[in-house]
Asks: 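Got a structure for you, written out below as structure tokens; questions coming shortly.
Source: prediction; values computed, not measured. Letters go in sequence order (proteins before strands), and every chain restarts at 1. Just so it is clear, the values below take in all heavy atoms, side chains as well, and ignore hydrogens, waters and symmetry mates.
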Protein chains: 2
Amino acid sequence: MTLHPPRDGVGGRIAASTDAGAPVLPVPYLQGRVTMQQVAAEAGVSISTVSKVINGRYGVSAETVGHVTRVIDRLGYEASLVARSLRNHRTNVIGVLVMDFEPFSTEVLKGVADAIHGSGYELIAYSAGGHVEAHVGWERRSLSRLMGSLIDGAVLVTPTVTDVQADGRVVAVDPHTGPSGLPSVAADNLQGARLGVEHLLALGHTRIGMITGRSDLLSAQQREQGYREALAAAGVQVDESLVRCGDFEAEPAREAARDLLARSDPPTAIFAANDLSALETLAVAAELGLDVPHDLSVVGFDNIPESALADPPLTTVQQPIRRMGEEATRMLLTLISGDDLARPHRTLDTSVVVRASAVAPRGAR
Amino acid sequence: MTLHPPRDGVGGRIAASTDAGAPVLPVPYLQGRVTMQQVAAEAGVSISTVSKVINGRYGVSAETVGHVTRVIDRLGYEASLVARSLRNHRTNVIGVLVMDFEPFSTEVLKGVADAIHGSGYELIAYSAGGHVEAHVGWERRSLSRLMGSLIDGAVLVTPTVTDVQADGRVVAVDPHTGPSGLPSVAADNLQGARLGVEHLLALGHTRIGMITGRSDLLSAQQREQGYREALAAAGVQVDESLVRCGDFEAEPAREAARDLLARSDPPTAIFAANDLSALETLAVAAELGLDVPHDLSVVGFDNIPESALADPPLTTVQQPIRRMGEEATRMLLTLISGDDLARPHRTLDTSVVVRASAVAPRGAR
DNA sequence: ATGAAAGCGCTAACAA
DNA sequence: TTGTTAGCGCTTTCAT
């Protein structure tokens, strides 16, 4: 492995005068790493002249511009983003900082990309690698590493910490601890949960259990509250023994489901705080010989792709993830342009995606 | 909202000798952009000492290490990725270069993320913005901008140009013009298309139309060839009027679909060169009042997440996109470690995912 | 119209 | 053990 392949006489050929008798050989492509230095040498001008040409600054003769431009094209030169960002404060690059590239964050990423089209910005998505050590505080760490040099602003996806204060050019999507200092975009978890439970109520269910999420996360709290509010609004008393914590994770969710379904008087429907829990509930029901949806109705939350593939396909509450990315980006661009945000905290509507896992309870008309 | 929880007088306590009467105030947090310079000043040592501490170099007293470390923590300092990469040639960051963040590339991204977990690398995904001007040659441009400084190696997603020669630390995923100079990973498009069409033939269809992809791309050519081969193998004559170009894009695909379905003798099934075209076909069919799958069967290619959510869920040929990203990353890591690739061009198998958009044609037994 | 030189934040010789 | 210094590739005064 050669670190730097022989740059065969590029330096030699510039000799002539301008580029008179120069390029006979294909092109001194080199190892994909042409610097401004090399362009300058090849063109027989100074580095600063090349820089001026590239940035369209005044004070360069048309002739020189043409010549340098040709050399640039021939060499396939492109300014190093890194070197440039070290000098300039403006980079025209937006960053999307994620803990890891999984379904939720990549969906947000698509929304960001949508919103950025035509804005002239480039997009960089960064993940510290998803390794354990980086877990806590990844958002602050990533921000420190990139902000102010590589990127002009950042969209933070599902940050746990929102008290970072990075110059005001940061927007959080679905912050885990709820809107605080940072401008943020989130789905309306409260409304979503109400919608999900109302769907069940409308179907005729009254004994509706819930598998809740991680109690330290705002989204989980709101989803539980939505459940309670929907029941209350329908005049149904919440049976606390029907509320079990699933922590947004597979194993705890399975146990919660088992708890609920092994009772002598199981609920006729279960509302799960996320699709993952709902999917586990489906599995537990199957193990118990229960027929979903006829013996048990299940409604989830999130609408992850897997939900559509479940057996039966899961009825769930959909978050407009992609639109959340778009909206956050719009807010970010506003911030970057120096304007203030009219509404620093946006909440987007959710909706129920009706599939096959919830129907009227046995015996209902 | 506290910016940075008061770490009770740490600054005060170091005072003793080094930075005597200095920080009494909370902390000179500034605007989220702490530099090594500031850490050095705050700690009362030189910049290089701070650098040594951060990089664990020898020649710093345990006491100084402790002190500097504490200051770093207090200020929340994190080395700028940019400044560091300008100096070092090694950055421990892998780049995924894409034309745009759409379903295919984000799926590859997930695979890359999977493969990178635990490798100690960080991941940056970069898109020049998907704007038109950047269209041609985006891969070379992106490579020039990032390679050699920001990233140690790159995974190029669906590049059109593959004659880039960037030091050999580049792997292409699904190169549009087929395997050439660059190591590459691709799905077996020919086999996949045959599988998809054979599925339709097995269902009893014989009037099978096709919406083809961008004719300049190898994948599109192969998918069309697979379609033709499958029909030929089944003894079905290809009706050229049933083959329409959809360019792998929404609008052209819609038109192709309309063309095909508005005929007096429409095909009973359509094989689309990618899911996007298939999804558009579904939409057009719906507009035309056609019942998919009963009036028309549709089979796509790619199996992007959206396909499962379509109405009806799309039967499609699955490319192991995520695994392609994983494989490419494995190859890239091998290259970066200085080893040679045993097989520089990998082809991964495809398979048919049977969902609901294709059934036997009307009148078939 | 052009070039020399300083410096962005950092690391790595080299001095002290 | 510590600090000084020279760049990495680029942009930008400020001479020339």
Side-chain angles (χ1 to χ4, degrees), chain A residues 3-4 18 30-68 72 75 77-93 144-152, chain B residues 17-19 30-68 72 75 77-93 144-152:
Chain A
L3 267 204
H4 287 276
T18 17
L30 336 179
Q31 58 299 9
R33 180 71 175 307
V34 187
T35 74
M36 209 154 104
Q37 175 64 254
Q38 295 170 39
V39 173
E42 175 84 2
V45 298
S46 77
I47 292 194
S48 45
T49 299
V50 177
S51 173
K52 282 170 193 157
V53 169
I54 288 175
N55 297 290
R57 297 284 176 271
Y58 291 111
V60 187
S61 74
E63 196 186 0
T64 307
V65 170
H67 173 210
V68 171
I72 288 176
L75 260 19
Y77 169 79
E78 195 72 42
S80 155
L81 182 59
V82 164
R84 186 173 274 181
S85 19
L86 193 55
R87 259 310 305 227
N88 299 347
H89 256 195
R90 200 46 194 275
T91 60
N92 262 289
V93 178
S144 298
R145 282 170 75 73
L146 305 188
M147 201 58 184
S149 42
L150 229 214
I151 58 181
D152 290 344
Chain B
S17 66
T18 11
D19 45 0
L30 337 179
Q31 59 297 13
R33 180 75 173 306
V34 188
T35 73
M36 208 155 104
Q37 176 64 253
Q38 296 170 36
V39 173
E42 176 85 3
V45 299
S46 76
I47 294 193
S48 50
T49 298
V50 176
S51 172
K52 282 171 193 157
V53 169
I54 287 174
N55 298 289
R57 297 281 177 273
Y58 291 111
V60 187
S61 73
E63 197 187 357
T64 308
V65 169
H67 175 208
V68 172
I72 288 176
L75 298 198
Y77 169 78
E78 195 73 44
S80 154
L81 184 58
V82 164
R84 186 174 273 180
S85 26
L86 193 57
R87 249 329 288 233
N88 298 346
H89 256 192
R90 202 43 195 278
T91 60
N92 263 292
V93 178
S144 297
R145 281 171 75 74
L146 305 188
M147 204 54 185
S149 41
L150 229 214
I151 58 181
D152 290 343

Asks: Could you tell me the separation between the CD1 atom of A:I151 and the C1' atom of C:dG9, rounded to a whole number of Å?
Replies: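 It is 16 Å, rounded to the nearest whole Å.
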Asks: In the 5'-to-3' direction, what one-character label does each nucleotide of nucleotides 10-16 of chain D receive under the scheme B = base within less than 4.0 Å of a protein heavy atom, S = sugar-phosphate only, - = no such atom?
Replies: BBB----
Asks: Could you check whether A:V45 gets within reach of a base, just the sugar-phosphate, or nothing at all, counting any heavy atom under 4.0 Å?
Replies: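 Sugar-phosphate contact only.
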Asks: How long is the gap from CZ on B:R145 to CD1 on B:I151, to the nearest 0.5 Å?
Replies: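 Separation between the atoms: 12.0 Å.
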Asks: Provide, to the nearest angstrom, the distance between the CD atom belonging to A:E63 and the P atom belonging to C:dA1.
Replies: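 Those two atoms, CD and P, are 12 Å apart.
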Asks: Could you state the NE2-C1' distance from A:H67 to C:dT2, rounded to the nearest angstrom?
Replies: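 Nearest whole value for this atom pair: 15 Å.
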Asks: Does A:T49 have a side-chain nitrogen or oxygen under 4.0 Å from the phosphate oxygens OP1 or OP2 of C:dT2?
Replies: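 No, outside the criterion.
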Asks: Specify the closest pair of heavy atoms between B:D152 and B:H89, including all atoms of both residues, with the distance to one decimal.
Replies: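 Nearest pair, atom of B:D152 first, then B:H89: OD1-O, 3.5 Å.
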Asks: What distance do B:S149 atom OG and B:L81 atom CG have between them, rounded to the nearest 0.5 Å?
Replies: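 Atom-to-atom, B:S149:OG and B:L81:CG are 10.0 Å apart.
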Asks: How is A:T64 classified with respect to the nucleic acid when contacts are heavy atoms under 4.0 Å: base, sugar-phosphate, or nothing?
Replies: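 Sugar-phosphate, no base atom in range.
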Asks: Can you measure A:L86 atom CG to C:dT11 atom P for me and round it to whole angstrom units?
Replies: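 Rounded to whole Å, this separation is 12 Å.
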Asks: Please find the pair of heavy atoms, one from B:E78 and one from A:S144, that lie closest to each other, and give the distance.
Replies: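 It is CB-CB, 3.3 Å.
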Asks: Rounded to the nearest angstrom, tell me the gap between atom NE2 in B:H89 and atom C1' in C:dC10.
Replies: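 Rounded to whole Å, this separation is 14 Å.
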Asks: Identify the residue among A:L150, A:T91, A:N55 that makes a side-chain contact (heavy atoms from CB on, under 4.5 Å) with A:R84.
Replies: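 That would be A:N55.
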Asks: Let me know the distance between CG of A:L150 and C1' of C:dC8, rounded to the nearest Å.
Replies: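 Atom-to-atom, A:L150 to C:dC8, this comes out as 13 Å.
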Asks: So which heavy atom on A:Y77 is nearest to which on A:T35, and how close?
Replies: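 Nearest pair, atom of A:Y77 first, then A:T35: CE1-C, 3.5 Å.
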